[in-house]
Amino acid sequence: MIFVTGGAGFIGSNFVLDWLAQSDEPVLNLDKLTYAGNLKNLVSLEGDARHLFVRGDIGDKELVLELLGRHKPRAILNFAAESHVDRSILGPGEFIQTNINGTFGLLEAARAYRSELPESAKNAFRFLHVSTDEVYGTLGPNDPPFSETTAYAPNSPYSASKAASDHLVRAYHHTYGMPVLTTNCSNNYGPYQFPEKLIPLVISNALAGQPLPVYGDGQQVRDWLYVSDHCAAIRRVLEAGKPGETYNVGGWNEMANLDVVHTLCGILDREAPRAGGSYRELVTFVADRPGHDRRYAIDARKLERELGWRPAETFETGILKTVRWYLGNQEWVRDVQSGAYQDWIAQNYRDRE
Ligand code: NAD
Ligand code: TYD
């Protein structure tokens, strides 16, 4: 079996669903169920013996060791993290705790577990760490995209904590011979993304007739990748990646935020027209994010050259699927927007007006 952490979050739950749609190899899913974790993402697996869910913290070494000893997975895939940059600016503590200390605890448990395995299982074992392109910092308009050899220069507490975890993972390979794989991916979008991130926030605000908040001048550039393409890349790296290597994953799709928001408005104007005008009228420029990275871009040629991965979706196909998914799953959105979500929106947007 494989051991997935953070499998009730956005990318983790997509990964678990895609994995079990393609394979009968069971998944042990450890998730703390923070505000970002949602078991409703996994309802289609209810009663499916191939999915075993455990609520817990990746930093709980005793729990992780017990799970590893009992289930003997051939690989750990670490998706669990605090993942939202704006939250890391307003409160970095949890990011240090989960992304750095948590990954450290998981690595320590993996090291102890692996040391007891027979030689063949020891060599076949993999620790795959899911990371972000944000560890590389920010690019100027004419800079080449991030490659696997670009120096780390993280700028937010989120990216700094992910960079620290990447370094720990690297060190466990170098020092202890742990067969690690690291993926550094660009911005994902798709079903089950928590509506604090740009794309689902804009869709849900638009449908509610609320302002669509664009930070600063909206000309910050991100590379967008449909989540199932990211999941396919992770499966491929797990299958054929070389231990100790890192792989950049990206969509070859750089876009300015304002263009993303306008694209969403255009699709919504067709799919769910608004009485009285275009959704574009709701676009509102608000105060910028402190330390806002201007541009991310990914050179994903290594993954294509060495492992034959390329994204299957274009932004046009992926974003249409995404909008339709949110239109068809308004109850899921309402559900995650209850309770503490409102406090977050009030806190993050109050001072930007
Ligand atoms: P998410 O915030 O949607 O989900 C994170 C999940 O981890 C949640 O289910 C949460 O409950 C769980 N979790 C948090 N702390 C935990 C802990 N201490 N122990 C166990 N579980 C814990 O995040 P996401 O967008 O799905 O991102 C998943 C991973 O991919 C992260 O490591 C993130 O850095 C990375 N990543 C995300 C993106 C993106 O665009 N979303 C891009 C590249 C890389
Ligand atoms: P986000 O989805 O938070 O991802 P990340 O910060 O990890 O790239 O934000 C994507 C971009 O959209 C980023 O440049 C910040 C911007 N943004 C807005 O302009 N308005 C918003 O309300 C949010 C949440 C993000």
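Indexing begins at 1, ligand by ligand and atom by atom, following the structure's order. What you are looking at is a predicted structure, and each value in this text was computed from that prediction instead of being measured.
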Handout entry: Within-shell test, Gly7 vs ligand 1, heavy atom, strictly < 4.0 Å
Key = no
Practice task
Tell me which part of Leu198 gets within contact of ligand 2: side chain, backbone, both or neither, using heavy atoms under 4.0 Å.
Solution key: both
Practice task
Using distance alone, determine whether Gln220 and ligand 2 share an N or O pair under 3.5 Å.
Solution key: no
Practice task
Kindly indicate whether a cation-pi arrangement holds for Arg114 with Phe125, taking the cut-offs as under 6.0 Å to the six-membered ring centre and within 45° of the axis.
Solution key: no
Exercise for the section: Compute the minimum heavy-atom distance from Tyr158 to ligand 2 and say whether it is under 4.0 Å. Expected result: no
Exercise for the section: Mark up the atoms of ligand 2 that fall under 4.0 Å of a heavy atom belonging to His84, in ascending order. Expected result: 3 (O)
Problem - Identity and separation of the nearest protein heavy atom to atom 16 (C) of ligand 2 - result: Asn257 ND2, 3.4 Å
Exercise for the section: Check the angle between the aromatic planes of Tyr296 and Phe146 and answer parallel, tilted or perpendicular using the 30° and 60° thresholds. Expected result: tilted
Handout entry: Phe95 and ligand 1 - part of the residue with a heavy-atom distance under 4.0 Å
Key = neither
Practice task
May I ask which of Ser165, Ala8, Ala81 has a heavy atom nearer to atom 5 (C) of ligand 1 than the others do?
Solution key: Ala81
Practice task
Answer yes or no: does an N/O atom from Thr98 fall short of 3.5 Å to an N/O atom of ligand 1?
Solution key: yes
Practice task
Measure the distance from atom 44 (C) of ligand 1 to every protein heavy atom, then report the residue, atom name and distance (to 0.1 Å) of the closest one.
Solution key: Ser131 O, 3.1 Å
Practice task
Could you name the option among Asn101, Val130, Thr5 that has the heavy atom nearest to atom 35 (C) of ligand 1?
Solution key: Val130
Problem - Nearest option to atom 19 (N) of ligand 1, as decided by whichever heavy atom of Ile58, Leu106, Val227 sits closest - result: Ile58
Practice task
May I ask you to identify the nearest protein heavy atom to atom 34 (O) of ligand 1, giving residue, atom name and distance to one decimal place in Å?
Solution key: Tyr158 OH, 2.7 Å
Practice task
For Lys197, counting its heavy atoms only, list the atoms of ligand 2 lying under 4.0 Å from any of them.
Solution key: 2 (O)
Exercise for the section: Would you mind running through ligand 2 and noting each atom that sits below 4.0 Å from a heavy atom of Leu201? Expected result: 22 (O)
Completion exercise
So for Asp133 against ligand 1, with non-hydrogen atoms under 4.0 Å, the contacting part is neither
Exercise for the section: Could you find the nearest protein heavy atom to atom 36 (N) of ligand 1 and give me its residue, atom name and distance? Expected result: Ile11 CD1, 3.9 Å
Practice task
Report yes if some N/O of Trp224 lies less than 3.5 Å from some N/O of ligand 2; otherwise report no.
Solution key: no
Completion exercise
Among Tyr35, Trp224, Phe79, the residue with a heavy atom nearest to atom 31 (C) of ligand 1 is Phe79
Exercise for the section: May I ask whether Gly56 places a heavy atom under 4.0 Å from ligand 1? Expected result: yes
Problem - Ion pair check, Asp86 and Arg352, cut-off under 4.0 Å - result: yes
Handout entry: ligand 1 to Asn38 polar contact by distance, N or O atoms, under 3.5 Å
Key = no
Exercise for the section: Ignoring angles and geometry beyond distance, decide whether Glu82 reaches within less than 3.5 Å of ligand 1 through its nitrogen or oxygen atoms. Expected result: no
Handout entry: side chain to side chain contact (heavy atoms under 4.5 Å, CB included) partner of Tyr192, chosen from Asn38, Leu17, Ile11
Key = Leu17
Exercise for the section: Ignoring angles and geometry beyond distance, decide whether Glu134 reaches within less than 3.5 Å of ligand 2 through its nitrogen or oxygen atoms. Expected result: yes
Practice task
Answer yes or no on whether Arg87 is positioned over the face of Phe95, meaning its NZ or CZ is under 6.0 Å from the six-membered ring centre and within 45° of the axis.
Solution key: no
Exercise for the section: Select one of side chain, backbone, both or neither to describe which atoms of Lys162 lie under 4.0 Å from any atom of ligand 1, heavy atoms only. Expected result: side chain
Practice task
Using distance alone, determine whether Phe10 and ligand 1 share an N or O pair under 3.5 Å.
Solution key: yes
Exercise for the section: Pick whichever of Gly105, Ser159, Ser83, Ser186 has a heavy atom sitting closest to atom 2 (O) of ligand 1. Expected result: Ser83
Exercise for the section: Would you check the N or O atoms of Val214, main chain and side chain alike, for any that come under 3.5 Å of an N or O of ligand 2? Expected result: no
Practice task
Below 4.0 angstrom from a heavy atom of His292, which ligand 2 atoms are there? Numbered from 1 as shown, please.
Solution key: 13 (C), 14 (O), 15 (C)
Practice task
Run through Val180, Asn184, Thr103 and flag the one making a side chain to side chain contact (heavy atoms under 4.5 Å, CB included) with Asp166.
Solution key: Asn184
Practice task
Check ligand 2 against Glu196 and write out every atom of the ligand that is under 4.0 Å from a heavy-atom position of the residue.
Solution key: 24 (C)
Fill in the blank from the handout: protein heavy-atom neighbour closest to atom 40 (O) of ligand 1 works out as Asn188 N, 2.9 Å
Handout entry: Note: Arg111-Glu108 ion pair, threshold 4.0 Å (strictly below)
Key = yes
Problem - Ala206 backbone acceptor or donor facing Gln210 side chain under 3.5 Å - result: no
Practice task
Run down the list Ser13, Ala80, Gly190 and name the one with the heavy atom closest to atom 13 (N) of ligand 1.
Solution key: Ala80
Practice task
Indicate yes or no: does Asp259 engage Arg222 in a salt bridge with an N to O separation below 4.0 Å.
Solution key: no
Problem - ligand 1 contact by Phe194, heavy-atom criterion under 4.0 angstrom - result: no
Handout entry: Proximal atoms of ligand 2 relative to Tyr349 (non-hydrogen, under 4.0 Å)
Key = 21 (C), 22 (O), 23 (C), 24 (C)
Practice task
Please work out whether any backbone atom (N, CA, C, O) or any side-chain heavy atom from C-beta onward of Ile199 is under 4.0 Å from ligand 2, and answer side chain, backbone, both or neither.
Solution key: neither
